[in-house]
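To start, the structure under review is shown below, and the notes come after it.
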Amino acid sequence: MVDQIAPEQTHTIDEAIAVLKQRFPNVVSDDSRPGYQGVVIEKNRLVEVATYIRDQLGFDYLSSATAVDYHGLEGSTDHLEMVYHSYRISGGSALVFKAQTEREQAEIPSLIDVWPGADFQEREAWDLYGIRFPGHPNLRRILLWEGFGGHPMRKDWKEPYYEQEHKPFESRWPAGYVFRAEEKNAYGHNVQYPADFDLSRLKDTSDEDVYNSMGLGVDVQSLGGDDISTDRLVVNMGPHHPSTHGVFRMVMTLNGETIDQLEPVMGYLHRNHEQIGERNTYIQNIPFTDRLDYLSSMGNNHGYVLTIEQLLAKGARYQPPTYRAEVIRVLMVELQRIVSHLWSVGFLLNDLGAFFTPMLYANNEREKILDFFEATAGSRLMCNYMRFGGVFKDVPERIYGVANYVNDRVRDVDTMEFLTAMINERLPRFLDEYEHYLLDNEIIKTRCIGVGVIPADMAIAYSCAGPLLRASGVPYDVRRAEPYSIYPELDFDIPTGENGDIYDRMVVRLKEMRESLRILRQILPRLESTKGESIYAGRRDYNVRAPLGESYARVENSKGELGFYVVSAGDPKGTQNPWRYHIRAPSFINLTALGPMSKGHKVADVVTILGSIDIVLGETDR
Amino acid sequence: MALTTQKELDLRQIHDTEFPLPDEIQGTLAVTSLSRIYNWSRRSSMWPLLFGLACCAIEMIGMASSRFDFSRFGMEVMRASPRQSDLIIVSGTVTKKMVVPIVRIYNQMPEPKYILAMGACASGGGPFKEGYNVVSGIDKYLPVDVYVPGCPPTPQSLLYGLIALQKKIDGQSIANADDVPWYGAGPSEPTPIPILGPDIIDPRQMDIIRRQAEYAAQGKPYGVRELPPPMEIKKKVSAKAAALAAATVAAAPEPLDENRLKRRMEALERRRAFATKNPEV
Ligand code: SF4
């Protein structure tokens, strides 16, 4: 009896959808394509329905907003689509809603007033897909530069090195005749220019646009003149700056030492993951996910394989990963979380001025974990370890390496002994020591407590995730909110902060490492007892064919909630390549809050605030 | 810098082997050339720019920290300012948006300056080569001295690359103006800074871009070069071998000689017997 449910009492997604359809007949309709979920909303009333979804149904957390281009797909209309995934902060699965628009003059109302966290994601959709968002106050390109020719993620836009729609390319396989992509291009570079390109009118305006959009009212061109009577100062930090953690740039206007306005400028590491991912076959994308958040490659692998497994599960021949595979996955992911947090705490201290010494200690422990990764996956950093239905290789009996001598001797230790010693003794001891020096330090306290505060409601509205969200006192962790893998049977707490300042974020990270160790201590006996069991479900399938449909899976990565949105469309027998491959990158979305967070602070604090968000540029710019 | 940690200067490092010394005074006296001592001091205090681009930068920091510790080679000070550094390690994917600042930074470095391309991306585009925003290697814009392969290169291989750079410096001579162009007359030319238009524009390519635009205006194909058709892979056969092959075909294969067949069967028998006796072999 659907009509008796009051909106605030809807528990399941189906109930929520039923209420929505009842409340907005003709506006909200089911997404009836096979394999799809959620509802399609008539775009003119999107804002109204979204407000209802947030306020009445309680889906207050917008996890991901992304565009899909359905151009040239057989059996589908030619349209662009925005896909939104909203969640309740109390946990549960997603309410997915979509809005469609025609490709010419594409326009969808902006949801920035409902969820401010949509800000950067809508700008990205404008940049890559050319969808306009009326109501967005600052709709400029975000990853590419102003003036770039075209919207590259549209299906009819071809990159200069375009060869074929899908891999494996015919030129490479089976004939094996290979040429270098530069050879085909007349310029010998990875460039192309539109046919009506007029060199004489060329002007590089990419920088000016940034300043103009900040409403500086300063003509940058004439700054050299003698009529500067402004007392605001424009300061550029980055893209080459030692404390922006990579190639990130911030443009600030200062009033004295105080920040008036801060505008993040990114895209300096935009490597087109998503577009390359759509050319790749499913399995070819696994090594690419390593290079997203390059400090936690295992976590990225995990998110991606979960997404594809979720897609494969719609088909008949799917076998879920074996128990041992799940155990090994959690082992790797939790170790990787420690690696990443060690790095981030170390670098935060770097930003505070304790240049490199704390970092060196953290890095020493990190190297030990990397040794284990190297012995297992074959690589220290880019592990490329997980597969659909299992993992690539079992944990080795012994960790053996000639490349890194320890005291002039070949490294050769028993893996289980190594892990046990590390998890039970070495890392806890290190954390004790680290906390002892850090938490009571006078300088750290003065510089971190009360700086860069973001209150809980604001953190949720800005779609913050991970330690950033939890430090504001919101106990939201995907491992608990929407459990996956074997996390339901593991015992761990979710550390939260109280004030949402830099100090709390650091403490949350330190506590999370302890929780990871607690998980790992439960993993060790499971690893021992499943020894010899299969690490792979069924036959190894290198060229998977995914059934049609969409899938969105997310994991709690070290930086926050990492989600992958994959659409499989086309061949009814199952597709080999994703039609759409989108990454919900926590580093990218967390940055939305950087501007509001740094307002009113001193310029030296902004470095620390950025450090406390803990971004990795590979993931921010993708 | 490296020397301060040593008790005393090991003179063998700067001694030039062209001037032989008796064994007993080796290490206490050095006879050397100006080039050699100049190169030795330069390469022993090679300060890299503190400049990380992408994933490879993580391994670069790994190399800089305690376990691998590249200060053993006189490089301990990474400088954040290009004005104070001798070497730029391009550690990651060079995107079109980023190449503009990189060229600027390179122009700001004082000579002598060196570039090390770390990883597949900086050397040639790497896994992301086909991406629309990726430059196929930093050498499209700047002269590279050492390439280090890998994705990412391990800290060990990066160290190897740095040692290779030191060897390269060792081989230079002040007497040769090509080796030390920075002593030439007048300031050296800065690398032209790329422009961000509808796509990135290398100012050195203005001519070819203009020409292609003319083709486009005339409706001719532009922007692509047609490749020759895929070559057929044929085994090359020399005349002699061909004659031999023809001869063997002509001589009809005789049935195996009876004796030879017998011997072969015996050998096979022996091998089998050996295998059953020693199963572990
Ligand atoms: S070579 Fe590999 S590891 Fe290095 S920047 Fe490129 S993708 Fe990253």
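Computed from a predicted model, the values in this text were never measured in an experiment. All chains are named by letter (A, B, ...) in the order of the sequence lines, taking the proteins before the strands, and each is independently numbered beginning at 1.
- Here A:Gly267 is the residue among A:Ala181, A:Pro160, A:Gly267 with the most heavy-atom pairs under 4.5 Å with chain B.
- Of the listed residues (B:Leu49, B:Val135, B:Val94), the greatest number of heavy-atom pairs within a distance under 4.5 Å of chain A belongs to B:Leu49.
- Both the backbone and the side chain of A:Asn190 come within contact range of chain B, judged by heavy atoms closer than 4.5 Å.
- Contact of B:Gln205 with chain A is made through the side chain alone, with heavy-atom distances under 4.5 Å.
- Ranked by heavy-atom pairs under 4.5 Å with chain B, the list A:Glu159, A:His240, A:Gln192 is led by A:His240.
- Atom NZ of residue B:Lys97 and atom CG of residue A:Leu143 lie 7.0 Å apart, to the nearest 0.5 angstrom.
- A:Phe148 and B:Tyr132 have tilted rings, their planes meeting at an angle from 30° to 60° on a 0 to 90° scale.
- Heavy-atom distances place no part of A:Leu617 under 4.5 Å from chain B, backbone and side chain included.
- Taking A:Met359, A:Lys158, A:Arg366, A:Gln275 one by one and counting their heavy-atom pairs under 4.5 Å with chain B, the maximum is reached by A:Gln275.
- Taking both residues in full, the closest heavy atoms of A:Leu295 and B:Ile58 are given as CD2-CG2, 3.8 Å, listed atom of the first, atom of the second, then distance.
- Considering only heavy atoms from C-beta on, B:Val100 stays 4.5 Å or farther from A:Trp145 through its side chain.
- The shortest distance between side-chain heavy atoms of A:Arg291 and B:Cys151 falls below 4.5 Å.
- With hydrogens and angles disregarded, no donor-acceptor distance shorter than 3.5 Å links the side chain of A:Asn363 to the backbone of B:Ser65.
- Within the 4.5 angstrom heavy-atom criterion, atoms from both the backbone and the side chain of B:Leu53 approach chain A.
- The contact between B:Ala80 and chain A is made by backbone and side chain atoms together, counting heavy-atom distances below 4.5 Å.
- When heavy atoms are compared at a cutoff of 4.5 Å, B:Met206 approaches chain A by way of both its backbone and its side chain.
- Of the listed residues (B:Gly137, B:Gly125, B:Pro198, B:Ala213), the greatest number of heavy-atom pairs within a distance under 4.5 Å of chain A belongs to B:Pro198.
- Of the atoms belonging to A:Phe347, it is side-chain heavy atoms, and not backbone ones, that fall under 4.5 Å from chain B.
- The contact between B:Pro127 and chain A is made by backbone and side chain atoms together, counting heavy-atom distances below 4.5 Å.
- In this structure, A:Phe356 places its CZ atom where more than 12 heavy-atom neighbours from other residues, nucleotides or ligands lie under 6.0 Å away.
- Taking each heavy atom of A:Arg271 and B:Ala54 in turn, the nearest pair found is NH1-CB, 3.7 Å.
- Between A:Tyr294 atom OH and B:Cys56 atom SG the span is 10.0 Å, to the nearest 0.5 Å.
- The backbone N or O of B:Arg67 lies less than 3.5 Å from no partner atom in the side chain of A:Glu367, so there is not a single donor-acceptor pair.
- Residues A:Arg380 and B:Pro155 are in side-chain contact: their nearest non-hydrogen atoms beyond the backbone lie under 4.5 Å apart.
- Heavy atoms only, all atoms of each residue included: A:His270 and B:Asn133 are closest at O-ND2, 3.0 Å.
- Contact tally against chain B (heavy-atom pairs below 4.5 Å) for A:Met382, A:Glu182, A:Arg279: the top residue is A:Glu182.
- A 4.5 Å side-chain heavy-atom check between A:Tyr187 and B:Ile201 finds every atom pair outside the cut-off.
- Contact annotation for A:Tyr162: neither backbone nor side-chain heavy atoms come within less than 4.5 Å of a heavy atom of chain B.
- Among B:Pro152, B:Ala216, B:Gly131, the residue with the largest count of heavy-atom pairs under 4.5 Å with chain A is B:Gly131.
- By the 4.5 Å heavy-atom criterion applied to side chains, A:Lys167 and B:Glu130 are counted as neighbours.
- For the pair B:Ser66 and A:Asn364, the tightest heavy-atom approach, listed with the atom from each and the gap, is OG-OD1, 3.8 Å.
- Residue B:Ile102: no heavy atom, backbone or side chain, is found under 4.5 Å from chain A.
- Of the listed residues B:Arg210, B:Lys129, B:Met78, the one with more heavy-atom pairs under 4.5 angstrom with chain A than any other is B:Lys129.
- Chosen from A:Pro239, A:Ser379, A:Gly618, the residue pairing most often with chain B at heavy-atom distances under 4.5 Å is A:Pro239.
- Note: A:Tyr268 leads A:Tyr268, A:Trp157, A:Tyr161 in heavy-atom pairs under 4.5 Å with chain B.
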